[in-house]
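Written below as structure tokens is the structure these notes are about.
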Amino acid sequence: MISLLITPVIPGVAQWLILKKQITRLSRWWILTNFVGIFVMGIVFYYLLFSNLSPFCIKYVDTSVCWIVSCTICSAIGGAITGTYQWLLLRRHILLPSLWIVWTITSTFTWAVSAALSSTISWNMLVIANNLVGALASFGVFGTVFGAVNGFLTGIVLVWLLQRSIY
């Protein structure tokens, strides 16, 4: 549960702190855009894993593969939603309006990559530890790795976009 709070906060706050130096009137709503993506990601993940995908995974695929693929797909959806909301805040500050496509694809891709990496690491930690402490640690690692990788990758594209800013 703590991981679900850490995961959107790390990149959201870090990006906002960096961006507000470049874009003086950037709304604080930027931080909360990540929560929308995480919320939708959680709903879709629950629906996929526990409703439709679970019987298929039990019969045909390894549970770890199912977990990682589900997490990656759901994160891509959450990233697309987050990227769209973030673009609504960025569009007044970027010179070329068509760059919303670049930002939304970036957000989708980075969320998917972050989820694939962090879910693989946390799943392996969970399997190795095989106890409650290991489970709690794996969720913390998931949130930290996801937030750090996502923040870093999207930060690179944000720098590129800011070079095309109106100001």
Side-chain angles (χ1 to χ4, degrees), residues 1-53 67-123 138-167:
M1 189 65 161
I2 293 173
S3 177
L4 290 176
L5 296 175
I6 292 171
T7 300
V9 169
I10 290 173
V13 170
Q15 289 170 352
W16 182 75
L17 288 171
I18 292 168
L19 284 173
K20 77 175 190 168
K21 293 178 183 175
Q22 300 293 322
I23 303 173
T24 54
R25 295 186 317 257
L26 184 65
S27 172
R28 290 185 179 142
W29 286 106
W30 181 274
I31 297 167
L32 297 180
T33 58
N34 287 309
F35 281 102
V36 175
I38 289 289
F39 180 73
V40 171
M41 180 182 86
I43 291 172
V44 174
F45 184 74
Y46 179 81
Y47 180 74
L48 262 183
L49 195 61
F50 296 115
S51 299
N52 295 333
L53 204 55
W67 173 268
I68 293 166
V69 169
S70 297
C71 192
T72 303
I73 290 169
C74 296
S75 293
I77 294 167
I81 291 167
T82 297
T84 301
Y85 282 128
Q86 288 176 339
W87 181 254
L88 294 174
L89 299 173
L90 281 176
R91 68 181 175 185
R92 289 177 247 141
H93 307 286
I94 305 297
L95 187 58
L96 301 172
S98 62
L99 289 176
W100 76 269
I101 296 168
V102 172
W103 180 248
T104 304
I105 290 172
T106 298
S107 183
T108 304
F109 175 76
T110 59
W111 276 53
V113 168
S114 300
L117 183 63
S118 59
S119 62
T120 301
I121 293 169
S122 65
W123 181 269
S138 72
F139 286 120
V141 167
F142 179 89
T144 303
V145 170
F146 187 98
V149 171
N150 187 21
F152 175 75
L153 293 175
T154 55
I156 292 169
V157 176
L158 280 171
V159 168
W160 180 79
L161 283 172
L162 287 175
Q163 292 172 349
R164 283 135 190 87
S165 65
I166 291 175
Y167 302 109

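Heads up: numbering here begins at 1 and tracks the sequence. Atoms considered below: every heavy atom in the structure, side chains included; atoms not considered: hydrogens, waters and symmetry mates.
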Could you tell me whether the side chain of L88 reaches within less than 4.5 Å of the side chain of W100, counting heavy atoms only?
-> no
Are L117 and I121 close enough, and set up right, to give a side-chain contact (heavy atoms from CB on, under 4.5 Å), and what steps lead you there?
-> CA-CA 6 Å; L117 183 63; I121 293 169; 4.1 Å; yes
Calculate, to the nearest 0.5 Å, the distance between atoms CD1 and CG belonging to I31 and L26 respectively.
-> 9.0 Å
Identify each donor-acceptor pair in which a side-chain atom of residues 71-81 lies under 3.5 Å from a protein atom, sequence neighbours left out, and give them as a table.
{"residue": "T72", "atom": "OG1", "partner": "I68", "partner atom": "O", "Å": "2.8"}
{"residue": "S75", "atom": "OG", "partner": "C71", "partner atom": "O", "Å": "2.8"}

Starting at NZ of K20, measure out to CZ of R28 and round the result to the nearest 0.5 Å.
-> 7.0 Å
Can you check whether S107's main-chain N or O pairs, donor with acceptor, with T110's side chain at less than 3.5 Å?
-> yes
Should we count CH2 of W160 as having more than 12 external heavy atoms under 6.0 Å?
-> yes
Can you tell me if W87 uses its side chain to pair, donor with acceptor, with the backbone of T82 under 3.5 Å?
-> no
Between L89 and S27 the two heavy atoms that sit nearest each other are CD2-CB, 4.0 Å
Stepwise side-chain contact (heavy atoms from CB on, under 4.5 Å) test for T154 and W103 = CA-CA 8 Å; T154 55; W103 180 248; 3.7 Å; yes
Measure centre to centre between the rings of F146 and W111, then say whether the value is under 6.0 Å.
-> yes
CD1 of I43 to CD1 of I38: how many Å apart, nearest 0.5 Å?
-> 12.0 Å
To the nearest 0.5 Å, tell me how far L32 CG sits from W16 CH2.
-> 11.0 Å
Set of side chain to side chain donor-acceptor pair (under 3.5 Å) partners for S122, sequence neighbours left out | none
Do L90 and L158 have side chains that get closer than 4.5 Å, going by heavy atoms?
-> yes
Residues passing the side chain to side chain donor-acceptor pair (under 3.5 Å) test with S114, sequence neighbours excluded, are none
